[in-house]
Amino acid sequence: MRFSSALINTLRETPKEAETVAHKFMLRACMIKKLGAGIYDWMPLGFKSLQKVISIIREEMNKAGAQEVLLPVLSPAELWKETGRWNVYGKELMRIKDRHDNEFALGPTHEEVITDLVRREVNSYKQLPINLYQIQGKFRDEIRPRFGVMRSREFLMKDAYSFDRDEEGAMKSYKNMFETYVKICKRIGFKFRAVEADSGAIGGNLSSEFMVLAETGEDTIIYCEQCEYAANMEKASFKKDPVVDAAEEPLTKVHTPNIRTVEELAAFLGKKPEETAKTILYIVDGKKMAGAVIRGDREINEVKLKNALGASEIRLATPEEILEKTGAPVGFAGPINLREKGIRLAVDETAAYLKNTVTGGNENDYHYTGVNRGRDYQENLIADFAVAKKGDKCPKCGGALNEQKGIEMGHVFFLGNKYSKSMKATYLDESGKSKEMVMGCYGIGVSRVVAASIEQNNDENGIIWPMAIAPYEVNIIVVNAKYKEGMDYCETLYKELKEAGIDVIMDDRDISPGVKFKDADLIGFPLRVVVGEKNFVTGQVEVSYRRDPKNRIMLDKNSVAGEIINIVKSEKTGNTK
RNA sequence: CGGGGCGUAGCGCAGUGGUAGCGCGCUUGGUUCGGGACCAAGAGGCCGGAGGUUCGAUCCCUCUCGCCCCGACCA
C-alpha cells in the first residue's frame, strides 16, 4: 500500500471522548471512527489488524478440529424462551419486532441457535464429538458502553460450541479449547493469565477466563504469589482464619443509640470490627428478602452470594423495605429472629464460626453481644461469599494473595447439559438409548483483542504493534519524495518486499519528514526503513524497530530487503527477541 | 436508572440578543526537506432538533435528541 492513497487520516489531537490509551491511539491513528455510543466503524488500518487476529484465531480453531459455520444474528424469541433466557438475560439482550409483531433477539451469544442446529442435524453417537464455531458480530445492550471498542454494543466475537457424548468427552473438548486459547494468546503476543471465573449468564459450573494483563482492565484478578491459583475477583476464594475456641458467653442485649456502622459499633463496644458480624439484607429475584451475615471487617461478593442463594438476580433492600420487613431501621439488622420474619438467612464462612460475636438487634438502637450461631440463631445455609483481596491467604496453598487488573479476551465454559436438557439435544448411543449431549462453549472478543493488544503495547508516541497483528509489518519512509534516486530505490524495495509476502506500506507522501515520522510512531509499524539523501549517497539505508527507536541499524542498500524478510518471518513464527 | 457535564467547520476550542471566528487538518501556487516547516490565496458551518419570548435567537426560556463522565457498594 502507498500511504498517499491509503485512507489514513491521523489526528494530532485526541478526540475528547477517549479515556484509555488504546481508545485514544485507535482514534488518532484512524483505526476506528465512532458512529454512536458503543458503535464503531473499522477503518482500513484497524480492519487490517482485526483481520490478522481473525486469521490467527481461525487457524488455531481449525487446527484444534473445530468446524467453522455462520449463524444468523437474528434469532426468533421462541428459541430464547425455550431455555428461559428471554427473561433471564435481561435488558442486555437487544430485542426487535418484525412487521408482524414477531419478536426476535439480536444474538449476544449463540447457545440457543447452535443447540437448535445440532439437535436437528446430529442424532447419532457416530457424529460426536463435534465442535462448531463462527466469527460474527454480536449485540449486547450494555449498561454503559465504554473505552471504544473495548466494551461496545456491537462487536466481533469468535464463539465455539462443543458437543460430546459424556462428561469425560466434554472435559477433553474443554481442555482442547483451553490449550487452543493459550496458543492464540501466545501468537498474538499477549502477556496473559488464565483464571478461574464465574459463569454468569452463560451458565455451567466450570469456566476459565483468559485475562490480558493491563492497568486499564475492567476485571480484577486475584492470584497466589506461591502457587498456580488465579481467579477472577468475582469468583476468588481465600483461606479462612482458624476457628477460635472460647467459652460461650450469655446473649446480651445492649443499648447502642445511633450506632449503625461496624466502625462505630466496634469503637462503642471497645472491640475490633472482626469480632462483630454484620447482616445485610437483599431482595432476591425481585421478590423475597434474604439476609447475608458476614464478619464485620469483610465485604460481600454479590456474585458469589447470588450463586450461593441460587438466584438469578439480587439487589440491596431499600431502607423502606428493611424497616417494613424487620421492624428496625437500616443499621440494626441481625440474624436473631430473622428467619421467623420469613427472611432466608445465609451465613458466610467468616461469620459462621465466630464465638461471642456482636450483631444487630432488629430493633432501633439495639445490638446483641455474646452471639453464637446454633445457640442463638439458625441459618438456612453457610457459604463462601466474602470478597477475596490482596493479603488474604491462598485457598489452595495458604500463600499470600495479590491483585492485578486484566482485560477479559476470552472465556471457556464447561456447560454440561444446561442447554441440551432444556432444548432436548439428544443422540442415540450404541445400544439405541437416547442421551443428552454434554456441551462446552468458548468465546473470544475479537475486536477487544485489538484494543487489548494496544493497551499492552504502547509508549507516549503511539502504538507498538507485535509483528503478528500489525496492520503493516514494514513502513518505508522516503524522507524527501522529490529525491529521485531515493524514491526509485524505495519503489524497487517496496515491490521486492511485497513479492516476498511482506505486508509493507510506503510513505511516499510529498510532505515534510517530521509528519511521516510522527505518523509512523503513532500507528506503530514494527519495522521502519528510512531512505534519506545523506545516507543514501554513501549506499546506506537506515532500519529500526518501533519498540526500540533509538537503535538505528545502518545497512547496505542492497542487503535491506533480505534482512527485512528474515526479521519479519522469524518474528511472525514467534521468535521475538 | 440516579447524579454531573457537553453539543458551534473533519479534530481541538473561542464567541456574541443584530444569522459566526481561532489553531490544526483540507484545496491551490511557491519556497523547504531526518522529527508534526514557511509564505500567499482559498474551500468548508440550518451554531444538535422542535417550540416559545423578541422587531430580530447560535446566544434567553421550555421540551426533546445525541454524546461524555461518575455512581448504581452495604447496614
Side-chain angles (χ1 to χ4, degrees), chain A residues 7-20 23-24 27-28 30 33-39 90-91 141 143-148 256 258-266 273 276-283 291-294 296-303 305 314-319 321-323 326 328-335 338 348 358-362 364 367 385-387 461-462 477-483 486-487 507 509-522 528-536 540-542 544 549-550 552 554:
Chain A
L7 181 53
I8 304 174
N9 300 322
T10 57
L11 296 174
R12 193 181 292 211
E13 280 169 292
T14 307
K16 58 185 169 186
E17 78 214 46
E19 262 317 89
T20 57
H23 193 192
K24 283 178 185 167
L27 288 170
R28 282 191 57 207
C30 197
K33 294 281 170 186
K34 188 175 77 175
L35 184 58
I39 312 173
K91 290 185 178 163
D141 197 356
I143 299 177
R144 189 139 89 88
R146 246 199 296 203
F147 305 149
T256 53
N258 288 318
I259 303 286
R260 287 162 191 269
T261 68
V262 167
E263 289 69 31
E264 290 165 2
L265 181 64
T276 71
K278 60 189 175 191
T279 304
I280 307 204
L281 298 166
Y282 284 89
I283 301 296
V293 183
I294 189 164
D297 62 321
R298 283 282 165 184
E299 302 300 320
I300 288 180
N301 177 329
E302 292 190 353
V303 175
L305 176 61
I314 60 171
R315 63 164 173 86
L316 284 173
T318 63
E321 287 166 335
I322 291 170
L323 185 62
T326 70
V330 168
F332 297 98
L338 210 55
D348 183 70
V358 182
T359 73
N362 292 326
N364 195 16
H367 281 82
F385 53 79
V387 171
N461 296 315
I477 294 181
V478 197
V479 173
N480 180 355
K482 289 201 178 74
Y483 175 50
M487 198 66 200
D507 199 340
R509 293 177 294 174
D510 185 14
I511 50 173
S512 69
V515 176
K516 299 185 191 185
F517 289 128
K518 288 288 181 190
D519 279 347
D521 288 346
L522 175 62
R528 178 196 296 178
V529 179
V530 181
V531 179
E533 187 166 358
K534 273 180 219 137
N535 291 322
F536 194 72
Q540 299 276 291
V541 166
E542 175 194 306
S544 62
K550 291 209 179 84
R552 299 180 183 178
M554 300 307 294

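Proteins come first, then strands; the chains are lettered A, B, ... in the order of their sequence lines, and each starts at number 1.
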Quick one: which of B:C74, B:G34, B:G36 gets closest to the side chain of A:Leu316?
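In terms of side-chain proximity for A:Leu316, the closest of B:C74, B:G34, B:G36 is B:C74.
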Candidate nucleotides B:G36, B:A75, B:C11, ranked by approach to the side chain of A:Pro15 - the nearest:
B:C11
Rounding to an integer number of angstrom, what distance separates [N] and [M] when you compare their [atom1] atoms?
| N | M | atom1 | answer |
| --- | --- | --- | --- |
| B:C38 | B:A57 | C1' | 42 Å |
| B:U53 | B:G10 | C1' | 36 Å |
| B:U19 | B:G30 | P | 39 Å |
| B:C73 | B:G3 | P | 16 Å |
| B:G52 | B:G17 | C1' | 15 Å |
| B:C22 | B:U8 | C1' | 12 Å |
| B:C47 | B:C39 | P | 32 Å |
| B:A20 | B:U58 | P | 10 Å |

Side-chain heavy atoms of [X] within contact of [Y], under 4.5 Å:
| X | Y | value |
| --- | --- | --- |
| A:Phe332 | A:Asn362 | no |
| A:His23 | A:Glu17 | yes |
| A:Leu316 | A:Glu302 | yes |
| A:Val478 | A:Tyr483 | no |
| A:Lys482 | A:Asp510 | yes |
| A:Thr359 | A:Val293 | no |
| A:Thr14 | A:Leu27 | no |
| A:Asn535 | A:Val530 | no |

Scan every strand shown for a Watson-Crick or G-U wobble partner of [N], both distances under 3.5 Å, and answer none if you come up empty.
| N | result |
| --- | --- |
| B:U31 | B:A37 |
| B:A9 | none |
| B:U16 | none |
| B:G44 | none |
| B:A72 | none |
| B:C63 | B:G49 |

[X] [atom1] - [N] [atom2] separation (whole Å):
| X | N | atom1 | atom2 | value |
| --- | --- | --- | --- | --- |
| A:Asp519 | B:G36 | CG | C1' | 8 Å |
| A:Asp507 | B:G36 | CG | P | 15 Å |
| A:Glu321 | B:C74 | CD | C1' | 14 Å |
| A:Asp297 | B:C73 | CG | P | 21 Å |
| A:Arg528 | B:G34 | CZ | C1' | 10 Å |
| A:Lys278 | B:C74 | NZ | P | 10 Å |
| A:Glu13 | B:C24 | CD | P | 10 Å |
| A:Leu281 | B:C74 | CG | C1' | 10 Å |

Need one value for [X]: base, sugar-phosphate or nothing, where a base atom within 4.0 Å counts as base even if backbone is also close, heavy atoms only.
| X | answer |
| --- | --- |
| A:Glu542 | base |
| A:Arg552 | base |
| A:Gly514 | sugar-phosphate |
| A:Ile477 | nothing |
| A:Phe536 | nothing |

Quick tally for nucleotides 25-33 of chain B: nucleotides whose base has a protein heavy atom under 4.0 Å get B, sugar-phosphate-only ones S, the rest -, giving S------BB
Could you write nucleotides 63-71 of chain B as a row of B, S and -, 5' to 3', where a protein heavy atom under 4.0 Å of any base atom gives B, of only sugar-phosphate atoms gives S, and otherwise -?
----SSSB-
Let me know, please, whether A:Lys534 or A:Ala317 comes out on the 5' side of the other along RNA chain B by nearest nucleotide.
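The answer here is A:Lys534.
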Closest-nucleotide ordering on RNA chain B, the 5'-leading residue of A:Val515 and A:Asn301:
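Looking at the nearest nucleotide for each, A:Val515 comes out on the 5' side.
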Without swapping roles, check the side chain of A:Lys91 against the backbone of A:Ile143 for a donor-acceptor pair under 3.5 Å.
no
Please check: side-chain N/O of A:Asp297 versus main-chain N/O of A:Pro273, any donor-acceptor pairing under 3.5 Å?
no
Among A:Arg28, A:Arg509, A:Arg12, which one satisfies salt bridge (Lys or Arg N to Asp or Glu O under 4.0 Å) with A:Asp519?
A:Arg509
Is the shortest distance from a Lys or Arg side-chain nitrogen in A:Arg528 or A:Asp521 to a carboxylate oxygen in the other one below 4.0 Å?
yes
